[in-house]
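The chains referred to below are lettered A, B, ... by the order of the sequence lines, with proteins before strands, and numbering in each begins at 1.
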Number of protein chains: 2
Amino acid sequence: MTSDQGERRPPSRRIADDLRDQIADGTYPPGKKLPSERALAAQYGTARNTAAEAIDMLRREGLVVAKHGAGVFVRQHRPLLRLGSNRYSRTLRESTGLSPYRAEVTKQGRTARVDCTSITRVDAPDDVADRLGLSREDRSVTRRENWYYADDEPVQVGITYIPFSISEGSLLATSANMGKGSLYARFEELGHPIARIREEISARMPTPEEVSGLAVPDGVPVLDVLHTGIDDQGRPFEVTRFVLRADLNGLDYNMPIED
Amino acid sequence: MTSDQGERRPPSRRIADDLRDQIADGTYPPGKKLPSERALAAQYGTARNTAAEAIDMLRREGLVVAKHGAGVFVRQHRPLLRLGSNRYSRTLRESTGLSPYRAEVTKQGRTARVDCTSITRVDAPDDVADRLGLSREDRSVTRRENWYYADDEPVQVGITYIPFSISEGSLLATSANMGKGSLYARFEELGHPIARIREEISARMPTPEEVSGLAVPDGVPVLDVLHTGIDDQGRPFEVTRFVLRADLNGLDYNMPIED
DNA sequence: GACTAGAACTGGCTCAAGCCAGTTTAGTGG
DNA sequence: CCACTAAACTGGCTTGAGCCAGTTCTAGTC
C-alpha cells in the first residue's frame with residue numbers, strides 16, 4: 001500500500017497524480033504527447049469526462065498544454081527573460097546602446113520588438129497618483145502604453161504614467177520613439193535623473209483581457225510590477241505598471257543593504 | 001447587440017462573464033454568496049454541470065471561493081504582507097527588536113509565528129550550489145526549514161541553505177532559536193555581515209504539496225523567491241528559497257540605481 | 001511524385017441524471 | 001430557553017451519451 005488514504009482519492013485525482021508523476025520522472029518528457037482522453041478513460045475504466053477532468057488539473061497547474069484536435073503535450077519550459085535591477089543603469093544604457101529589454105531578449109537569440117500603442121492624456125488612477133504624490137486636483141498625466149514582444153510573441157505590457165507637468169512639451173507626451181538613450185535619457189534632460197526605483201511586486205491569475213492580449217496559456221499566472229522612478233532629489237517622476245507572463249519572465253534584483 | 005461574436009461564446013463562458021461583471025460592479029460584493037449551481041442552471045436554462053463549469057472558471061481566476069455545503073462566495077481581498085528590501089537592514093533589526101516578518105505582520109494587527117521545523121545537513125541542490133559558489137565536491141550545507149504564519153494561517157515557507165564550512169559549530173547548524181538579532185546577527189559574528197542581496201523572483205502555480213502545506217486556495221499562484229545573502233567581501237554565504245502565497249504576500253523593493 | 005478528399009483521430013463543450021458529503025435551518029422535545 | 005435531530009439545502013464528483021471543430025494520416029487521383 002503506497003498511502004493510507006490513497007484509495008480514497010477520487011479517480012480524476014488518481015489519474016492526474018499518476019500523470020504528474022510520470023511527467024516528473026521523465027516517462028513523458030517536455031513536448032511529448034500524453035495519451036488521449038479516450039485512451040486514459042479506457043485505461044482507468046472511467047468515463048471520458050473523468051479523464052478530461054484529470055487533464056484539466058494538470059493544465060491548471062501549468063504542466064501541460066492542450067492543442068485542439070492534436071493532443072495534450074507536456075509543456076516546454078523556455079528559459080525566463082530575467083529583468084534585472086540594472087535595467088535602469090546609465091552605463092549599461094550607454095554601453096550597449098540597447099534598451100535593457102532588447103539586450104536581454106537578444107542575449108537569448110530571440111528577436112525583440114517594442115510597440116508603443118498609445119499615448120494619451122488621462123487622470124491617474126488612485127494607486128498611481130499615490131505613488132506620484134499627486135494632489136486630488138491635479139491628476140493629469142501622460143499615459144504611454146508599451147507592448148513587448150519576443151519573436152513576435154507578446155511577453156509583457158507596460159503602462160507608464162508621467163505627470164503632465166513634467167511631460168508637457170517634450171517627446172514624452174508626443175512621440176512613440178524616444179530617441180537616443182530612450183525614456184530615461186529624456187527624463188534626465190528634464191531635470192529628473194533616475195536615482196532610485198521602487199518596485200512593488202505581486203502575482204495573480206490574468207484577467208480575461210490579459211489572457212487574450214498577452215496570449216497567456218492556461219495555468220500560467222502573471223507578475224504585476226508597480227514601478228516608480230525616483231530622481232536624485234527623492235521626487236517620483238514616473239510610474240509604470242508592468243504585467244508579465246510568468247512563464248516567460250522572471251525578475252532578478254541585486255541590491256545593497258541600506259541602513 | 002453588445003458584441004459581434006457575443007452569441008457565439010459557449011453558455012459556460014456567458015455565465016462566467018456575467019458573474020464576473022456583477023462581481024466587478026458590486027452586485028456581488030466581497031464575501032457575498034453567489035446563486036447556487038442549481039439556481040444558475042435554472043436561470044440560464046442549462047444543465048447544472050454547465051453552471052458548475054462557469055463557477056470553476058471564476059475559481060481558477062481567484063475571484064471566488066467555494067465552501068462545500070455552504071455556497072460560493074466572492075473572495076475577500078485581504079491586504080498583502082509587503083516584504084521589503086529593508087528586511088535585512090541592521091538598524092531596523094536593532095530598533096524594532098522584531099524580525100522583519102514579525103514587524104510586518106504585527107503592523108497589520110495580526111499575530112505572527114515562525115516555526116523552524118527542521119535543521120538537517122544535506123547536499124545543496126544545483127541552483128543553490130551555483131549561487132553559493134560551491135564546488136562539485138563540497139556541497140555540504142545546513143538546511144533550515146522555516147514556516148511563517150499569520151494568525152495561525154500559513155503564509156510562506158523558507159528553506160535556507162548555509163555552507164557547512166560556515167555554519168559548523170554555530171547555532172546556525174544546531175538551534176531553532178537564533179537568539180538576539182536573529183539569523184543575520186549570527187552571520188555577522190561569523191565574519192559575514194550582510195552587505196548585498198540578490199533576489200530572483202518568479203511566479204507559478206503551486207505544486208500539490210504546496211497546496212496542502214500552505215493551504216493555497218484555488219486560483220492563487222505562488223511567488224518563488226530565490227534569495228542570496230552576500231557579505232561585504234562579495235561572498236555569498238546563504239541562500240534561501242521562499243515560497244509565498246501570492247494572495248497574501250507581495251514584495252516591495254526600494255533600491256538605488258547603480259552604475 | 002504532388003495534390004487532394006475524406007476517414008479517423010484529437011480535444012471542447014454540453015446534457016441529464018445520480019450519489020455523496022458537507023452546512024444550514026427549521027422543527028421538536030426536554 | 002436550550003439542545004438536539006432531521007430535512008432541505010449546498011458543492012464535489014462521476015457516469016455515459018452526444019455533437020462540434022480542429023488536426024493528422026491515408027488512400028486515391030491526377
Peer 1: Do A/Thr111 and A/Asp151 have side chains that approach each other closer than 4.5 Å (heavy atoms only, starting at C-beta)?
Peer 2: yes
Peer 1: To the nearest angstrom, how far is A/Lys32 atom NZ from C/dT10 atom P?
Peer 2: 15 Å
Peer 1: In whole angstroms, how far is the P atom of D/dG12 from the CZ atom of B/Arg60?
Peer 2: 12 Å
Peer 1: Partners of B/Lys32 by salt bridge (Lys or Arg N to Asp or Glu O under 4.0 Å), sequence neighbours excluded?
Peer 2: none
Peer 1: B/Glu53 and salt bridge (Lys or Arg N to Asp or Glu O under 4.0 Å): which single residue from B/Arg60, B/Arg14, B/Arg48, B/Arg13 fits?
Peer 2: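 When salt bridge (Lys or Arg N to Asp or Glu O under 4.0 Å) is applied between B/Glu53 and each of B/Arg60, B/Arg14, B/Arg48, B/Arg13, only B/Arg60 qualifies.
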Peer 1: For A/Ala51 and B/Leu34, take the nucleotide of DNA chain D holding the closest heavy atom to each; which residue's nucleotide lies nearer the 5' end?
Peer 2: B/Leu34
Peer 1: What string of B, S and - do you get for nucleotides 18-27 of chain D 5' to 3' if you count protein non-hydrogen atoms under 4.0 Å?
Peer 2: B--BBSS---
Peer 1: Is there a side-chain contact between A/Glu238 and A/Thr142, using heavy atoms and a 4.5 Å cut-off?
Peer 2: no
Peer 1: Under 30°, 30 to 60°, or over 60°: which ring-plane class applies to A/His227 and A/Phe242, parallel, tilted or perpendicular?
Peer 2: perpendicular
Peer 1: Could you tell me how far apart B/Glu37 (CD) and C/dG18 (P) are, to the nearest whole angstrom?
Peer 2: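 One finds 17 Å between P of C/dG18 and CD of B/Glu37, rounded.
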Peer 1: Expected output check: what is the dot-bracket annotation of DNA chain D, where ( ) and [ ] are pairs inside the strand (brackets for crossing ones), | is paired with another strand, and pairs are Watson-Crick or G-U under 3.5 Å?
Peer 2: ||||||||||||||||||||||||||||||
Peer 1: Between A/Tyr101 and A/Gln156, is a side-chain hydrogen bond (donor to acceptor under 3.5 Å, both in side chains) present by the stated rule, with each step listed?
Peer 2: CA-CA 10 Å; A/Tyr101 173 76; A/Gln156 47 173 292; 5.4 Å; no
Peer 1: Minimum heavy-atom separation for A/Ala203 to B/Ala246, with atom names?
Peer 2: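 Taking A/Ala203 first and B/Ala246 second, the nearest heavy atoms are O-CB, 3.4 Å.
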Peer 1: Rounded to whole Å, how long is the line connecting atom CG of B/Asp56 with atom P of D/dC13?
Peer 2: 9 Å
Peer 1: Start at the 5' end of DNA chain D and walk down; is the nucleotide closest to B/Pro35 or to A/Met57 reached first?
Peer 2: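 Between the two, 5'-proximity favours B/Pro35.
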Peer 1: Provide, to the nearest angstrom, the distance between the CZ atom belonging to B/Arg13 and the C1' atom belonging to C/dC13.
Peer 2: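 These atoms are roughly 13 Å apart.
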Peer 1: Ignoring hydrogens and angles, tell me if any N or O in the side chain of A/Glu37 forms a donor-acceptor pair with the backbone of A/Ala51 under 3.5 Å.
Peer 2: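 No.
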Peer 1: Who are the salt bridge (Lys or Arg N to Asp or Glu O under 4.0 Å) partners of B/Glu145, not counting sequence neighbours?
Peer 2: B/Arg143
Peer 1: Whether B/Ser36 contacts D/dT10 is assessed here as follows: a side-chain N or O lying under 4.0 Å from the phosphate OP1 or OP2. Is that the case?
Peer 2: yes
Peer 1: Between atom CD in B/Glu53 and atom P in C/dG12, what is the gap in whole Å?
Peer 2: 11 Å
Peer 1: Shorter than 3.5 Å, N or O on both sides, protein versus nucleotides 3-7 of chain C: list them out with atom names.
Peer 2:
none

Peer 1: Applying salt bridge (Lys or Arg N to Asp or Glu O under 4.0 Å), can you list everything that pairs with B/Asp218, at least two apart in sequence or on another chain?
Peer 2: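 Salt bridge (Lys or Arg N to Asp or Glu O under 4.0 Å) check on B/Asp218 returns B/Arg59.
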Peer 1: Could you check how far OH of B/Tyr44 sits from P of C/dC13, rounded to whole Å?
Peer 2: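 Rounded to the whole Å, the gap is 18 Å.
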Peer 1: Is the distance from OP1 or OP2 of D/dT15 to the nearest side-chain N or O of A/Thr50 less than 4.0 Å?
Peer 2: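 So the side-chain polar atoms of A/Thr50 do come within 4.0 Å of the phosphate oxygens OP1 or OP2 of D/dT15, strictly under.
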Peer 1: Report yes if a side-chain nitrogen or oxygen of A/Arg14 is closer than 4.0 Å to either non-bridging phosphate oxygen (OP1 or OP2) of D/dC13; otherwise report no.
Peer 2: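 Result: no.
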Peer 1: May I have the step-by-step check of side chain to side chain contact (heavy atoms under 4.5 Å, CB included) for A/Leu244 and A/Leu251, ending in yes or no?
Peer 2: CA-CA 10 Å; A/Leu244 326 180; A/Leu251 302 165; 4.1 Å; yes
Peer 1: Look at the side chain of B/Ser12 and decide which nucleotide, out of C/dC13, D/dT15, D/dT14, has an atom nearest to it.
Peer 2: C/dC13
Peer 1: Between B/Arg241, B/Arg204, B/Arg245, which is the residue that forms a salt bridge (Lys or Arg N to Asp or Glu O under 4.0 Å) with B/Glu210?
Peer 2: B/Arg204
